[in-house]
Amino acid sequence: MSNKKGLLALSPLIVFIGLYVSLSIAAGDFYKVPITVIFMIASIYAVSISKNFTLQKRVDIFGRGASSSNLLLMLWIYVLAGAFAASAKQMGSIDSTVNLALNVLPSGMLLPGLFLAACFISISIGTSVGTVVALVPIAIGIAQQTGLNPALITAIIVGGAYFGDNLSFISDTTVVATSTQGCRMSDKFRVNAFIVMPAALIILVIYAIMGAHVEVTAEVRPVAYFKVVPYLLVLVTAICGLNVMAVLVLGIILCGAIGMLDGSYDLFGWLGAMGQGVVGMGELIIVAMLAGGMLELIRENGGIDYIIERLTAHINGKRGAELAIAGLVSLVNVCTANNTIAILTVGQIAKKIGDRYGVDNKKAASILDTFSCCIQGILPYGVQILLAAGLAHLNPIQILPFLFYPFAIGIAALLAILLRYPKRYS
């Protein structure tokens, strides 16, 4: 594919980023520019430049991307998460869980404690989405009680969620990375842990320093333990491996039962709370669908093929091969907003590159998984950040500057390539 055609295929993404950044700089405020409008403009542009198809075909392709099975599953999770968070908040479950956390954790240990909790839950359940659903509402409640920046505390949960997404044996990314590279999960885990564990420890120390002087600004009220049960149920059933949608449905039902028995609301109050939660996710659902449609047009026009073609054209030696694998999965992840799909897309190509240049398959699997989690963890239109932003009532861009862990594992993985470590696998 020629440079001109390839860049044209990728241009909707360039238009989105360029327009958002330039308008935000002009306004002097990144939060004044509605991300939904920018995605709408970029989506219209994507449809208009797809000259290889009739207008009806372009709309069909856009619709296919905006209604793919993976995306619709995410939208269901958005809806259920919104309903659960709102009904739990109105019946006092979030307040009680926050009070329990404030009673158990010393104030100075809140930030590292939340990061460790997110790491533990994510590596247990293997999904960043489930971790975000379980912990972001609690984290926001703690931010309100302590005066902490809600964007910072939300980013701590998102970062910890990617610890498990990257390392867990039951994570989709681990399964796909190891299967495409032909290595055992335990071997990939050892190499991967060697690369990212120093980053995780550094980030933990940073959070401990940042949180050392945190003080609770409001009086910690007694814990209503029965109101903590919905969140305990969500955490326990998620750790036991229950599907995240089933986990949320159980949580919603339990919130309704406890809330009505307690007198926090009646049936119509419960329904109203759920309705408000679902409506609150509306903007994020629109962004997800517009992004899905736009990215499908980029793929159909050959944008992903162009990236793969260009990055594999000038490989030289093991270091170059590893950098090519990292670049491939990163750029495809930007164009698909799904780290599992990105690994699936380039997995076999990465395997051929690795075999040709002698890259250890365990190192290749770790590079695929780590770079995909790094990029997915900082995409403002990725499902995890959209979900976290919705639950925290924030703009996704507000969270980005505080995503220390996703940036840290990206730097650690790049250093592992450039400095050739772990040496045994390099």
Side-chain angles (χ1 to χ4, degrees), residues 1-26 33 35-66 68 71 287 289-317 319-339 341-353 356-357 368 371-372 374-376 378-382 410 414:
M1 181 184 289
S2 68
N3 276 334
K4 186 177 179 181
K5 286 184 177 178
L7 290 172
L8 182 65
L10 290 171
S11 62
L13 200 57
I14 298 168
V15 167
F16 165 72
I17 295 169
L19 199 56
Y20 188 84
V21 172
S22 60
L23 287 176
S24 298
I25 291 172
V33 183
I35 198 169
T36 46
V37 176
I38 305 303
F39 262 118
M40 182 186 72
I41 294 169
S43 297
I44 293 170
Y45 171 77
V47 171
S48 68
I49 64 162
S50 303
K51 299 291 179 64
N52 295 332
F53 311 104
T54 64
L55 180 58
Q56 184 58 52
K57 180 65 175 174
R58 298 177 213 177
V59 174
D60 289 344
I61 293 169
F62 187 91
R64 185 174 70 216
S68 68
L71 179 61
V287 168
M289 294 184 74
L290 288 173
M294 184 187 78
L295 296 173
E296 180 65 13
L297 278 169
I298 289 173
R299 188 194 66 79
E300 195 72 31
N301 284 322
I304 292 176
D305 292 337
Y306 173 75
I307 290 169
I308 292 171
E309 181 184 311
R310 290 297 158 193
L311 281 176
T312 56
H314 305 290
I315 299 173
N316 184 22
R319 184 181 281 113
E322 290 179 7
L323 286 170
I325 292 169
L328 272 176
V329 76
S330 299
L331 287 172
V332 172
N333 206 139
V334 169
C335 294
T336 58
N338 185 309
N339 48 349
I341 297 298
I343 296 172
L344 273 171
T345 302
V346 305
Q348 292 305 320
I349 297 164
K351 175 66 173 166
K352 289 177 184 176
I353 293 171
R356 182 174 178 180
Y357 292 94
L368 283 171
F371 275 96
S372 70
C374 165
I375 297 301
Q376 186 69 18
I378 59 176
L379 282 181
Y381 52 90
L414 184 61

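Note that the coordinates shown come from a computational prediction; the quantities given were computed from them, not determined experimentally.
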Asker: Drop me the distance from I343's CD1 to Q348's CD, to the nearest 0.5 angstrom.
Answerer: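 Rounded to the nearest 0.5 Å, the CD1-CD separation comes out at 12.5 Å.
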Asker: side-chain contact (heavy atoms from CB on, under 4.5 Å) with A326: which residues, sequence neighbours excluded?
Answerer: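 I367, F371, I417.
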Asker: Which pairs of donor and acceptor atoms, one on a side chain in residues 14-22, lie under 3.5 Å apart (sequence neighbours left out)?
Answerer:
{"from": "Y20", "atom 1": "OH", "to": "F30", "atom 2": "O", "distance (Å)": "2.8"}
{"from": "S22", "atom 1": "OG", "to": "G18", "atom 2": "O", "distance (Å)": "2.7"}
{"from": "S22", "atom 1": "OG", "to": "L19", "atom 2": "O", "distance (Å)": "3.2"}

Asker: Where do I375 and N339 land on the side chain to side chain contact (heavy atoms under 4.5 Å, CB included) test, with the steps shown first?
Answerer: CA-CA 8 Å; I375 297 301; N339 48 349; over 6 Å; no
Asker: E296: what forms a salt bridge (Lys or Arg N to Asp or Glu O under 4.0 Å) with it, not counting sequence neighbours?
Answerer: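 Scan of E296 (salt bridge (Lys or Arg N to Asp or Glu O under 4.0 Å), adjacent residues dropped) gives R64, R299.
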Asker: Sequence neighbours excluded, which residues qualify as side-chain contact (heavy atoms from CB on, under 4.5 Å) partners of V47?
Answerer: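 side-chain contact (heavy atoms from CB on, under 4.5 Å) list for V47, sorted by chain: L55, R58, F62, L297.
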Asker: Kindly indicate whether the side chain of K57, heavy atoms from C-beta on, has any atom under 4.5 Å from the side chain of T54.
Answerer: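 Yes, at least one pair of side-chain atoms sits under 4.5 Å.
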Asker: Could you work out, with side-chain hydrogen bond (donor to acceptor under 3.5 Å, both in side chains) as the rule, every residue matching T312, not counting sequence neighbours?
Answerer: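 Per chain and number, T312 pairs via side-chain hydrogen bond (donor to acceptor under 3.5 Å, both in side chains) with no residue.
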Asker: On a heavy-atom basis, which atom in G302 and which in A9 lie closest, and how many Å separate them?
Answerer: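 Heavy atoms of G302 and A9 come nearest at C-CB, 4.1 Å.
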Asker: First locate atom CZ of R310, then atom CG of D305, and finally report the distance between them rounded to the nearest 0.5 Å.
Answerer: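 It comes to 12.0 Å.
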Asker: Do the side chains of I304 and L10 get nearer than 4.5 Å, heavy atoms only?
Answerer: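 Counting from C-beta outward, L10 and I304 never come under 4.5 Å.
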Asker: Looking at every non-hydrogen atom in both residues, tell me the closest pair between V334 and Y381 and how far apart they are.
Answerer: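 For V334 versus Y381, the nearest heavy atoms are O-OH, 2.6 Å.
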Asker: For K352, which residues count as a side-chain contact (heavy atoms from CB on, under 4.5 Å) partner, sequence neighbours excluded?
Answerer: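 Partners of K352 by the side-chain contact (heavy atoms from CB on, under 4.5 Å) criterion come out as none, since no residue qualifies.
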Asker: Give me the atom names and distance for the closest heavy-atom approach of G65 to L71.
Answerer: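 Looking at all heavy atoms of both residues, the closest pair is O-CD2, 3.6 Å.
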Asker: When rounded to the nearest 0.5 angstrom, what distance separates OG in S330 from CG in L323?
Answerer: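 Going from OG on S330 over to CG on L323, the span is 10.5 Å.
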Asker: Quick one: CG on L290 to CD1 on I41, what's the gap to the nearest 0.5 Å?
Answerer: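 Between atom CG of L290 and atom CD1 of I41 there are 11.0 Å.
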Asker: Which pairs pass side chain to side chain donor-acceptor pair (under 3.5 Å) with one or both residues in residues 320-329, sequence neighbours excluded?
Answerer: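 Counting only pairs at least two positions apart or across chains, the side chain to side chain donor-acceptor pair (under 3.5 Å) contacts touching residues 320-329 are E322-K363, E322-R420.
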Asker: Quick one: side-chain hydrogen bond (donor to acceptor under 3.5 Å, both in side chains) partners of S50, sequence neighbours excluded?
Answerer: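 Once residues adjacent in sequence are excluded, the partners of S50 under the side-chain hydrogen bond (donor to acceptor under 3.5 Å, both in side chains) criterion are N301.
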Asker: How close do M294 and A42 get, heavy atom to heavy atom, and via which atoms?
Answerer: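 Heavy-atom minimum between the residues: SD-CB, 3.5 Å.
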Asker: Please name the pair of heavy atoms, one in A350 and one in I325, separated by the smallest distance, quoted to 0.1 Å.
Answerer: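 In this case the closest contact between A350 and I325 is O-CD1, 3.8 Å.
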Asker: Could you check whether any side-chain N or O of Q376 sits under 3.5 Å from a backbone N or O of N333, counting only pairs where one atom can act as donor and the other as acceptor?
Answerer: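 It does not hold such a pair.
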Asker: Using every non-hydrogen atom in the two residues, find where V332 and A342 come nearest and quote the distance to one decimal.
Answerer: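 Closest approach of V332 to A342: CG1-CA, 3.9 Å.
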Asker: With sequence neighbours left out, what residues match L311 under side-chain contact (heavy atoms from CB on, under 4.5 Å)?
Answerer: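 Applying side-chain contact (heavy atoms from CB on, under 4.5 Å) to L311 gives I307, L328, L331.
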Asker: Find the distance between NZ (K51) and CD1 (I49) and round it off to the nearest 0.5 Å.
Answerer: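 Rounded to the nearest 0.5 Å, the NZ-CD1 separation comes out at 8.5 Å.
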Asker: I353 and I349: side chain to side chain contact (heavy atoms under 4.5 Å, CB included), yes or no, with the steps?
Answerer: CA-CA 6 Å; I353 293 171; I349 297 164; 4.0 Å; yes
Asker: By side-chain hydrogen bond (donor to acceptor under 3.5 Å, both in side chains), which residues pair with N52, not counting sequence neighbours?
Answerer: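 With neighbours one apart ignored, the set is empty.
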Asker: For Y45, enumerate each residue passing the side-chain hydrogen bond (donor to acceptor under 3.5 Å, both in side chains) test, keeping only those at least two apart in sequence or located in another chain.
Answerer: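 With neighbours one apart ignored, the set is S11.
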